[in-house]
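Below is one structure, written out as structure tokens; comments come after it.
Basis for what follows: all heavy atoms, side chains included, without hydrogens, waters or symmetry-related copies. By convention in this document, chain letters (A, B, ...) are assigned in the order of the sequence lines, proteins followed by strands, and residues within each chain are numbered from 1. Quick caveat, the model's predicted, so the values are computed rather than measured.
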Protein chains: 2
Amino acid sequence: MDEKNVSLEKVREEFVTQWGVMGAQWGINRTMAQIHALLMTAPEVLSTDEVMGSLEISRGNAHTNLKDLVAWGLVRIVTKKGERKEFFEAEKDVWEIFRRVARERKRREIDPALETLRHCKEQTAEMKTPEARAFHEQMVQLEDFVSFGSKMGDRVATLPHGKAMKLAMKIFS
Amino acid sequence: MDEKNVSLEKVREEFVTQWGVMGAQWGINRTMAQIHALLMTAPEVLSTDEVMGSLEISRGNAHTNLKDLVAWGLVRIVTKKGERKEFFEAEKDVWEIFRRVARERKRREIDPALETLRHCKEQTAEMKTPEARAFHEQMVQLEDFVSFGSKMGDRVATLPHGKAMKLAMKIFS
DNA sequence: ATTTGCTTTCTGTAACTACTGAAAGTTCAC
DNA sequence: GTGAACTTTCAGTAGTTACAGAAAGCAAAT
């Protein structure tokens with residue numbers, strides 16, 4: 001590896017580290033975010049052993065997080081002819097990454113939250129005390145807002161990149 | 001407390017619990033989210049002791065998280081005439097809550113992330129190897145996307161509730 | 001200047017999450 | 001079948017975060 005690529009690797013490491021920090025702040029396992037960053041900036045597909053080596057993590061850890069990334073739809077498994085090993089490749093298109101994260105978080109977190117809000121709303125629908133009315137109203141507000149946001153997310157996530165951009169322009173007009 | 005309010009309290013507890021779970025998934029301290037839920041659904045302002053009592057948490061914990069909520073702009077300190085104690089009151093308007101969370105997360109997390117992306121982009125701007133070009137290009141994509149999202153957030157967050165709704169309608173058209 | 005009522009900070013601990021290293025499982029080759 | 005290459009699971013441990021309880025700090029009232 002020549003001089004130039006040594007410094008590239010340094011920058012890349014910085015990126016991987018920071019992507020990990022960011023992930024952690026958003027409730028995502030730091031290692032998972034780091035593997036994602038590593039794969040996003042990898043010129044070729046990587047094997048589990050290569051990921052282990054790069055990040056200096058154990059096989060178990062690498063394996064679990066790689067499979068989680070696959071479950072999130074952010075990483076694909078790739079096999080090479082004549083090799084039994086699995087290789088991993090990340091989705092690199094930012095818009096596609098965004099869509100998949102949005103879809104997955106909606107499914108895992110937003111939808112269950114909406115369930116709770118609906119339940120709390122319904123349970124208090126018939127209550128007559130001022131406190132209960134206020135509580136009910138607050139639940140209505142929250143549910144409307146969250147379900148609205150959720151629908152927006154759906155809508156945006158089904159848009160292809162180009163259309164999303166046009167729409168964005170409209171918003172700024 | 002009569003029969004009806006007993007069941008209201010049960011529903012409210014469910015809400016508080018679930019809001020806590022949701023917060024945790026989004027990288028927010030569970031207790032902080034619970035206090036927020038409690039205050040959002042409180043008919044009156046609450047004192048530290050009342051929060052402690054409701055959630056069965058220690059004074060230190062209640063205090064720290066209340067002050068964090070104030071720092072996030074989600075809770076206000078209120079004083080009553082003739083009382084030395086501080087009371088707390090949550091912002092209840094969902095749109096306002098959203099705006100404040102958006103603004104704060106941008107400041108705390110998005111802006112630093114953008115800094116890193118810019119740095120990685122700049123550091124690799126002059127490199128000529130194909131790997132470096134690809135890395136640089138990926139950084140450009142990411143930075144464009146994040147900074148675009150960030151600006152959108154700014155824009156949306158400055159809109160009053162009504163205008164935001166109109167805009168949303170436009171998107172669905 | 002002491003007491004009282006309240007807020008803030010701090011230290012040790014408990015609870016939780018993430019991780020390692022190894023064992024067990026699978027699949028294919030021979 | 002046995003072995004080799006690789007994947008998956010798991011139990012114990014390390015590391016991290018959140019928390020209780022107590023001590024310290026502060027300001028007003030007396």
Side-chain angles (χ1 to χ4, degrees), chain A residues 16-39 44-72 75-89 108-109, chain B residues 16-39 44-72 75-89 108-109:
Chain A
V16 168
T17 303
Q18 283 307 117
W19 201 249
V21 171
M22 199 183 163
Q25 285 169 331
W26 287 83
I28 286 157
N29 181 309
R30 193 176 64 240
T31 304
M32 182 168 147
Q34 285 180 346
I35 297 178
H36 183 230
L38 190 74
L39 286 170
E44 304 286 345
V45 295
L46 298 182
S47 67
T48 303
D49 290 77
E50 284 164 334
V51 171
M52 287 167 62
S54 271
L55 300 178
E56 302 184 42
I57 58 176
S58 72
R59 183 172 302 283
N61 196 11
H63 175 80
T64 309
N65 285 296
L66 278 165
K67 286 303 154 85
D68 282 353
L69 281 165
V70 171
W72 274 77
V75 165
R76 266 191 295 286
I77 298 172
V78 175
T79 48
K80 290 186 185 176
K81 289 175 204 160
E83 293 222 50
R84 285 166 65 182
K85 221 187 302 220
E86 286 183 339
F87 293 86
F88 300 90
E89 176 180 53
R108 297 181 191 211
E109 292 143 22
Chain B
V16 168
T17 303
Q18 283 305 119
W19 201 249
V21 171
M22 200 183 160
Q25 285 169 332
W26 287 84
I28 285 156
N29 181 309
R30 193 175 65 242
T31 306
M32 182 167 147
Q34 286 179 346
I35 296 177
H36 183 229
L38 190 73
L39 286 170
E44 304 286 345
V45 296
L46 297 182
S47 67
T48 302
D49 289 77
E50 284 164 333
V51 171
M52 287 166 63
S54 272
L55 300 178
E56 303 184 41
I57 57 176
S58 71
R59 182 171 304 283
N61 196 11
H63 174 80
T64 308
N65 284 297
L66 278 165
K67 286 303 154 85
D68 282 354
L69 281 165
V70 171
W72 274 76
V75 165
R76 267 190 294 286
I77 298 171
V78 175
T79 48
K80 290 186 186 179
K81 289 176 204 158
E83 293 223 49
R84 287 167 61 182
K85 223 190 304 225
E86 287 183 339
F87 294 86
F88 300 89
E89 175 181 55
R108 296 181 191 212
E109 292 144 21

key: Rounded interatomic separation in angstrom, taking CG from B:Leu66 and P from C:dT9   = 14 Å
query = In whole angstroms, how far is the C1' atom of C:dC28 from the CD atom of A:Glu83?
reply = 14 Å
note = The reported gap from CD1 in B:Ile57 to NE2 in B:His63 (rounded to nearest 0.5 angstrom) is 12.0 Å
Kindly give the atom pairs (protein nitrogen or oxygen, nucleotide nitrogen or oxygen) under 3.5 Å for nucleotides 16-19 of chain D.
residue : atom : partner : partner atom : Å
D:dC19  : OP1  : B:Thr31 : OG1          : 2.5
D:dC19  : OP2  : B:Asn29 : OD1          : 3.4
D:dC19  : OP2  : B:Thr31 : OG1          : 2.8
D:dC19  : OP2  : B:Asn61 : OD1          : 3.3
D:dC19  : O5'  : B:Asn61 : ND2          : 3.2

inquiry  = Quick check for you: to the nearest 0.5 Å, what is the distance between A:Phe88 atom CZ and A:His36 atom NE2?
reply    = 14.0 Å
query = Near B:Glu83 CD, under 6.0 Å, is it more than 12 heavy atoms from other residues, nucleotides or ligands?
reply = yes
remark   = From CZ of A:Arg84 across to P of D:dT7 the rounded distance in Å is 9 Å
inquiry  = Which nucleotide wins on minimum distance to the side chain of A:Lys67, given the candidates C:dT7, D:dT8, D:dT9?
reply    = D:dT8
task = Could you tell me whether the side chain of A:Glu86 reaches within less than 4.5 Å of the side chain of A:Thr48, counting heavy atoms only?
result = no
request  = Using whole Å, report how far CZ of B:Arg59 lies from P of D:dA23.
outcome  = 14 Å
inquiry  = For the CG atom of A:Asp49 and the CZ atom of A:Phe87, what is their distance to the nearest 0.5 Å?
reply    = 9.5 Å
task = Whole angstrom is fine here: how far is it from CG in B:Leu46 over to P in C:dC6?
result = 15 Å
ask   = Taking only side-chain nitrogens and oxygens of B:His63, does any of them come within less than 4.0 Å of OP1 or OP2 of C:dT7?
value = no
task = Would you kindly give the CZ-to-C1' distance between A:Phe87 and D:dC6, to the nearest whole Å?
result = 11 Å
request  = Can you figure out which of D:dT7, C:dC28, D:dA27 approaches the side chain of A:Lys85 most closely?
outcome  = D:dT7
note = Between the OG1 atom in A:Thr31 and the CG atom in A:Leu38, the distance rounded to the nearest 0.5 Å is 11.5 Å
query = Starting at CG of A:Leu55 and ending at C1' of C:dT20, how long is that distance when rounded to a whole Å?
reply = 15 Å
